[in-house]
A.B. asks: 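One structure, pasted below without further comment.
Nothing here was measured: the structure is a model prediction, and the numbers come from that model.
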Amino acid sequence: MTSPDVRDTRIDTAAATPSSTPSGTPIRLLIADDDEVTRSGLAMLLGVQPGIEVVGEAGDGVEAVEQARRLRPDVVLMDVRMPRRNGIDATRQLLAEAAEAADSAGPPKVVVITTFENDGYVTAALSAGASGFLLKRLPVRQIAEAVRVVVAGEAILFPAALRRMVTARPLGSVEALPRAALTGREEEVLRLMATGLSNPEIAVWLTVSLETVKTHVGNVLTKLGAHNRTHAVVIAYESGLVVPGVAG
């Protein structure tokens with residue numbers, strides 16, 4: 001079966017993503033942005049989206065980490081350029097602290113958001129462990145959907161940046177990917193992840209159960225040492241397993 005074409009977005013699946021946390025409570029959202037007007041605007045607009053509760057705001061990276069410790073949000077919407085500590089460093093610290101604490105609730109998901117379409121920020125955000133990267137110019141409805149997507153365990157990245165990022169780098173050989181560690185089905189799942197399909201969509205494509213797909217995705221992330229789905233996709237591109245713009 002020929003692989004589906006790469007999508008232009010991963011945040012158009014409102015019907016497939018939850019409007020709350022798995023426990024049924026609203027998604028607790030912390031917004032970190034040094035521009036008060038932008039921050040307040042996002043808080044007001046996202047706070048009225050179904051299933052989302054804005055529990056706090058932060059004006060810089062230091063405050064973002066402190067607020068996250070205190071408020072324990074499900075998701076942090078993190079600006080990149082902020083005083084005292086930028087959003088990338090704040091993300092790295094926040095997730096490292098959560099890992100050290102071994103909290104049963106797990107660390108918050110971080111979605112990095114910026115005005116600047118800078119590929120270096122994308123790479124840095126993924127390396128820091130962010131679950132997504134968005135541009136502020138997106139409609140609020142799509143930003144809200146991105147919040148829901150990461151709570152559902154997916155990753156979100158505006159695909160133009162992903163394509164440019166992986167195309168601009170010299171690709172290694174397929175052997176750069178630890179193929180011996182991935183089964184044939186796991187490689188197939190990874191290729192489908194690279195097209196932007198969600199777990200339910202992969203299940204339909206492969207005619208298998210959703211639980212089976214979740215198991216394969218978990219195995220892929222573990223074997224590749226990837227922070228999240230997007231990081232795994234970048235590894236797939238950089239290894240040559242997936243070539244931008246070419247269907248498998």
Side-chain angles (χ1 to χ4, degrees), residues 1-24 27 49-52 74-75 109-111 122 125-126 130-135 138-139 141-167 177 179 182-224 226-248:
M1 184 179 292
T2 303
S3 295
D5 292 335
V6 177
R7 291 183 170 191
D8 286 335
T9 181
R10 180 59 200 97
I11 50 178
D12 59 355
T13 55
T17 52
S19 58
S20 61
T21 63
S23 64
I27 297 167
Q49 295 293 312
I52 294 177
D74 299 303
V75 180
K109 305 290 187 179
V110 177
V111 177
V122 178
L126 291 176
S131 294
F133 188 99
L134 295 174
L135 296 178
L138 285 174
R141 176 187 59 79
Q142 291 189 9
I143 296 175
E145 183 59 19
V147 169
R148 299 186 187 104
V149 165
V150 298
V151 167
E154 307 279 352
I156 183 72
L157 178 70
F158 65 96
L162 176 59
R163 290 197 189 98
R164 287 198 313 275
M165 180 172 64
V166 298
T167 304
L177 188 77
R179 291 177 64 103
L182 292 181
T183 66
R185 179 46 65 96
E186 287 165 356
E187 282 194 12
E188 189 174 10
V189 168
L190 179 54
R191 284 192 173 94
L192 292 173
M193 288 164 59
T195 70
L197 296 188
S198 66
N199 285 353
E201 290 165 333
I202 293 174
V204 171
W205 187 264
L206 297 178
T207 320
V208 297
S209 71
L210 179 58
E211 288 305 313
T212 297
V213 172
K214 289 180 178 179
T215 297
H216 288 317
V217 171
N219 289 342
V220 167
L221 299 186
T222 299
K223 290 178 179 181
L224 296 184
H227 300 302
N228 50 46
R229 294 169 70 97
T230 305
H231 189 195
V233 169
V234 170
I235 293 172
Y237 276 118
E238 292 184 333
S239 70
L241 179 66
V242 177
V243 178
V246 177

A.B. asks: What's the separation between atom CD in E145 and atom CG in L138, rounded to the nearest 0.5 Å?
C.D. replies: 12.0 Å

A.B. asks: Looking at residues at least two apart in the chain, or sitting in another chain, which of them share a side-chain hydrogen bond (donor to acceptor under 3.5 Å, both in side chains) with S209?
C.D. replies: T212

A.B. asks: On a heavy-atom basis, which atom in E186 and which in K223 lie closest, and how many Å separate them?
C.D. replies: OE1-NZ, 2.9 Å

A.B. asks: side-chain hydrogen bond (donor to acceptor under 3.5 Å, both in side chains) with T215: which residues, sequence neighbours excluded?
C.D. replies: none

A.B. asks: Taking it one step at a time, do L182 and L224 satisfy side-chain contact (heavy atoms from CB on, under 4.5 Å)?
C.D. replies: CA-CA 9 Å; L182 292 181; L224 296 184; 4.3 Å; yes

A.B. asks: Looking at CG of L134 and CD of Q142, how far apart are the two atoms once the value is rounded to the nearest 0.5 Å?
C.D. replies: 9.0 Å

A.B. asks: Taking the side chain as every heavy atom from C-beta outward, state whether L206 and V189 have any pair of such atoms under 4.5 Å apart.
C.D. replies: yes

A.B. asks: Would you mind checking if E188 and R191 are paired as a salt bridge, meaning a charged N to carboxylate O distance below 4.0 Å?
C.D. replies: no

A.B. asks: Just how far is it from atom CZ of R148 to atom CG of D74, taken to the nearest 0.5 Å?
C.D. replies: 13.0 Å

A.B. asks: Set out, in order, the CA-CA distance, both residues' side-chain angles and the distance that settles side-chain contact (heavy atoms from CB on, under 4.5 Å) for N219 and R185, then state yes or no.
C.D. replies: CA-CA 11 Å; N219 289 342; R185 179 46 65 96; over 6 Å; no

A.B. asks: Given side chains that start at C-beta, do those of V149 and K109 come closer than 4.5 Å, heavy atoms only?
C.D. replies: no

A.B. asks: Where is the tightest heavy-atom contact between L190 and A232, given as atom of each residue plus distance?
C.D. replies: CD1-O, 3.8 Å

